[in-house]
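The structure appears right after this line, and notes come after that.
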Amino acid sequence: MQRVAAGLAIAACLLSALAAWRIPIGTTTQFLGATLTLTGLNRLGLIFLCIGIGAVLAYAAWQPQGWAFSPFLLLSLTFVNIALLIRSLALTVLLAQLATLLLVFPLQGGPVPAPSRPPSSGSDDPVGKLGRGQAGWAPGELRRGAIGYLTMMVVVAPCILLALWLIEHRATIPNPATTMQLVVMLLGLALGILLTAIPLHLWWLMVVEDGPPLLAALIGAVFPAVTVVMLIDLLTHTTW
């Protein structure tokens, strides 16, 4: 049953990548009153994400990462895809934060040991140690990695939203130059945390040590890529 569910999830990811490839660039639609637009850049981002998540799910079908891994990963992928397409940067930030919040569930908990196999007669492994191993991860209480991940999310969202508020009201502020300096500082702090730049990378060390290995690797690979895509899109479509 687990393999069937994994196969369906992988097929959904690949179909999403194919749809992103086939839909014409410039296509727009409405989502909750906001405009979704497919550009050449976010098309590449969508294809990269969908194929990457499909490969990760294929690996997780053979090396279990915990029962919460696949469903919450797919939910997170949905919100990240919408965040890449949406034109409103404020909604992009909120959707991206919601996506990261969903990944806290598979991050918490801990490894579940596989049952030890009974020792066989004449074996050099009398206590069955070779049969022991990690059978995956199960959600439980918050661990250090999940707390570090939540802390990152709590710091990043207010920085970006405050920067956006200052940008929207810069015409009414007496000193626009000082305002833009503050905006650059806030965005620099937020992007530095998301890109795990030293010395703002402490949350990443906690995730690597405490999280399921595959999820930790995925966060390390996807976070910088998605952040760079969003940053380039921001610089391309904003006049300020």
Hey, any chance [X] and [Y] share a hydrophobic cluster, counting ILVMFWY side chains that come within less than 4.5 Å of each other, even indirectly?
X: Leu44; Y: Ile53; value: no
X: Leu95; Y: Leu103; value: yes
X: Val208; Y: Leu205; value: no
X: Met185; Y: Leu195; value: no
X: Ile10; Y: Leu15; value: no

Residue pair [X] / [Y]: nearest heavy atoms and the distance that separates them:
X: Ala20; Y: Ile47; answer: CB-CG1, 4.0 Å
X: Thr27; Y: Pro24; answer: OG1-O, 2.7 Å
X: Pro158; Y: Met153; answer: CD-O, 4.4 Å
X: Ser16; Y: Cys50; answer: CB-SG, 3.6 Å
X: Leu186; Y: Ala163; answer: CD1-N, 3.9 Å
X: Val207; Y: Gly145; answer: CG2-O, 3.6 Å

Euclidean distance, [Y] [atom2] relative to [X] [atom1], rounded to 0.5 Å:
X: Leu101; Y: Leu94; atom1: CG; atom2: CG; value: 12.0 Å
X: Leu14; Y: Ile51; atom1: CG; atom2: CD1; value: 7.0 Å
X: Met180; Y: Ile167; atom1: CE; atom2: CD1; value: 5.5 Å
X: Leu194; Y: Ile160; atom1: CG; atom2: CD1; value: 6.0 Å
X: Arg144; Y: Leu107; atom1: CZ; atom2: CG; value: 12.5 Å
X: Phe69; Y: Leu214; atom1: CZ; atom2: CG; value: 4.0 Å

Pairwise side-chain contact, [X] with [Y], heavy-atom cut-off 4.5 Å (strictly under):
X: Leu74; Y: Leu57; value: yes
X: Trp203; Y: Thr196; value: yes
X: Leu49; Y: Leu84; value: yes

**Report entry** Whether Asn42 side chain and Thr37 backbone form a donor-acceptor pair below 3.5 Å
**Finding:** yes

Query raised in the report: Between the side chain of Ser76 and the main-chain N/O of Phe72, is any donor-acceptor distance below 3.5 Å?
Result: no

Query raised in the report: Can you list the residues that meet the side-chain contact (heavy atoms from CB on, under 4.5 Å) rule with Leu18, with sequence neighbours excluded?
Result: Arg22

Requested in this report: Decide yes or no on side-chain contact (heavy atoms from CB on, under 4.5 Å) for Thr100 and Val156, but give the supporting numbers first.
Outcome: CA-CA 11 Å; Thr100 60; Val156 165; over 6 Å; no

Query - Leu46/Leu38 under side-chain contact (heavy atoms from CB on, under 4.5 Å): CA gap, chis, key distance, verdict - result: CA-CA 10 Å; Leu46 290 172; Leu38 182 66; 3.9 Å; yes

Query - Stepwise side-chain contact (heavy atoms from CB on, under 4.5 Å) test for Trp204 and Ile219 - result: CA-CA 9 Å; Trp204 166 236; Ile219 291 173; 4.3 Å; yes

